[in-house]
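If you read the sequence from its start, that first residue is 1, and numbering goes on from there.
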Amino acid sequence: MLELKNIKKTFDGVTVLDHVDFSVEDGEIVSILGSSGSGKTTLVKLLLRLYDPTEGEVTLNGKSAKDYRLSSWRDLFGCVFQDFKLFSLSVKENVLHRLPRDGDDERVTEALKESGAWQKIETLEHGIESTMTREFDDEGVNLSIGEQQKVSLARIFAEKTPFVVLDEPSSALDPIAEHKMFENMIKATEGRSVIFISHRLSSAVLADRVYMMEDGEIIEEGSHRELMEKNGKYAEMFRLQAKNYVSGGEDNG
């Protein structure tokens, strides 16, 4: 079990997280929800040890994160963030984030299929060997933002880390593509622990557990059904988003 225990985090005297308890069981799908500034991204950065907490402790199966070599700890996580980057390298190298090895072509192709990017990549003249961007290659490929995001998502399918962290992974996708991506991801990450950060509540419906954050605190916790029955902040947000989807009022990029 991955845990944040009684975590407090301050920056320049300003409290961003205030005595937060958070856990992820092996193989559990967890969704972290909250408006901008609620503390959800800071929470995940603490899990990754991009920061250390001001108070409290991060542990894995009871062992402190500080007892691990930093590189070994971060190797436990496969991550895709909203501000993802693609490099002026081949599609294959962008997916693997390392030098390719024998047998990687099949791994990369399957990862691209799982993320939804393969439909575009297979039409390229050089396929997974195509160079991304034209920064250093005049024949490089410029993809749409949504297609770029799908390529970045393929990274979590290519490397089978025990934990998968997704910070707004579907921000550039329309609702249909988003739903398909979530379905593919749940299938492909079976047995792995998945942590979603999102403002769209579609991920929460598929999660085993939902954490609702506000002003640096966890204000609600439970499954989608439990939180809907509680009829609190989560239920209010879910009904508002559902209404927007039905009316077409949300801009889905």
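Dense packing is recorded around CG of D52, with more than 12 heavy atoms of other residues, nucleotides or ligands lying under 6.0 Å away. For L70, the CG atom is densely surrounded, since the number of other residues' heavy atoms within 6.0 Å is greater than 12. The neighbour count for Q119 CD, taken as heavy atoms of other residues, nucleotides or ligands under 6.0 Å away, does not exceed 12.
Hydrophobic clustering places I195 together with L46 (ILVMFWY residues linked when any side-chain heavy atoms are closer than 4.5 Å, directly or through intermediates). The hydrophobic cluster containing L86 does not contain F136, counting ILVMFWY residues as joined when their side-chain heavy atoms lie under 4.5 angstrom apart, directly or transitively. Criterion: ILVMFWY side-chain heavy atoms under 4.5 Å apart, direct or through other members. Under it, M228 and M212 are part of a common hydrophobic cluster. Taking hydrophobic clusters as Ile, Leu, Val, Met, Phe, Trp and Tyr residues chained together by side-chain heavy-atom distances below 4.5 Å, W118 does not share a cluster with I156. F77 and V95 are members of different hydrophobic clusters when ILVMFWY side chains are connected at heavy-atom separations under 4.5 Å.
Rounding to the nearest 0.5 Å places CD of E114 at 11.5 Å from CG of L153. H19 contributes atom NE2, which lies 13.0 Å from atom CD1 of I218 (distance to the nearest 0.5 angstrom). Distance check, rounded to the nearest 0.5 Å: OH of Y211 to CD1 of I32 gives 8.5 Å. Atoms OG and NZ, from S223 and K230 in turn, are 11.5 Å apart once rounded to the nearest 0.5 Å. Taken to the nearest 0.5 Å, the OG atom of S31 stands 11.0 Å off from the NE2 atom of H224. For the atom pair CG (L2) and CG (L60), the distance works out to 6.0 Å, reported to the nearest 0.5 Å.
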Practice item. Run the numbers on F22 and I7 for side-chain contact (heavy atoms from CB on, under 4.5 Å), then give the verdict. Key: CA-CA 9 Å; F22 172 90; I7 293 291; over 6 Å; no
Check your understanding: How far apart are the C-alpha atoms of V205 and F238, what are their side-chain angles, what is the distance that settles it, and do they pass the side-chain contact (heavy atoms from CB on, under 4.5 Å) test?
Key -> CA-CA 10 Å; V205 176; F238 187 87; 3.5 Å; yes
Point to revise | Steps toward side-chain contact (heavy atoms from CB on, under 4.5 Å) verdict (I29, L206) | key: CA-CA 8 Å; I29 300 172; L206 301 175; 5.8 Å; no
Practice item. List the steps, then state whether side-chain contact (heavy atoms from CB on, under 4.5 Å) holds for L112 with V91. Key: CA-CA 10 Å; L112 291 166; V91 174; 4.0 Å; yes
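Taking 4.5 Å as the limit, some side-chain heavy atom of R107 sits within range of a side-chain heavy atom of L96. Counting heavy atoms from C-beta outward, F87 and M132 have side chains that stay 4.5 Å or more apart. Counting heavy atoms from C-beta outward, E226 and E221 have side chains that stay 4.5 Å or more apart. Looking at heavy atoms from C-beta onward, L43 lies in side-chain contact with L4 at the 4.5 angstrom threshold. Looking only at side-chain heavy atoms (C-beta outward), K92 and D105 come within less than 4.5 Å of each other. Between E220 and V210 the shortest side-chain heavy-atom distance does not fall below 4.5 Å. Within the 4.5 Å cutoff, the side chain of L143 has no heavy atoms near those of the Q149 side chain. Counting heavy atoms from C-beta on, the side chains of V151 and I121 come closer than 4.5 Å.
Judged by distance alone, with hydrogens and angles left aside, the side-chain atoms of D21 form no donor-acceptor pair with the main-chain N or O of K5 at under 3.5 Å. Remark: side-chain polar atoms of R155 are not paired, donor with acceptor, to backbone N or O of C79 under 3.5 angstrom. With hydrogens and angles ignored, the 3.5 Å screen pairs no side-chain donor or acceptor of E129 with any backbone N or O of H126.
Under the rule for a salt bridge (Lys or Arg N to Asp or Glu O under 4.0 Å), the partners of E110 that lie at least two apart in sequence or sit in another chain are K113.
With respect to the salt-bridge test (charged N to carboxylate O, under 4.0 angstrom), the residues R98 and E159 qualify. Remark: K233 engages E214 in a salt bridge, criterion side-chain N to carboxylate O under 4.0 Å.
The minimum heavy-atom distance linking E25 with S193 is given by the pair O-OG, 2.9 Å. Looking at every heavy atom in both residues, K150 comes nearest to G116 through CD-O, 3.4 Å. Annotation for G216 and M213: closest pair C-CE, 4.3 Å, computed over non-hydrogen atoms. When all heavy atoms of V30 and S23 are compared, the closest pair comes out as CG2-O, 4.3 Å. F84 and S152 make their closest contact through CG-OG, 3.8 Å (heavy atoms, listed as atom of the first residue, atom of the second, distance). Across A154 and A111, no two heavy atoms sit closer than the pair O-CB, 3.4 Å.
For the side-chain hydrogen bond (donor to acceptor under 3.5 Å, both in side chains) condition, the pairs that include at least one residue of residues 61-78, sequence neighbours left out, are E57-S64. Judged as a ring pair (Phe, Tyr, Trp, His ring centres under 6.0 Å), the pairs with a partner in residues 36-64 (not counting sequence neighbours) are, in order, F11-Y51.
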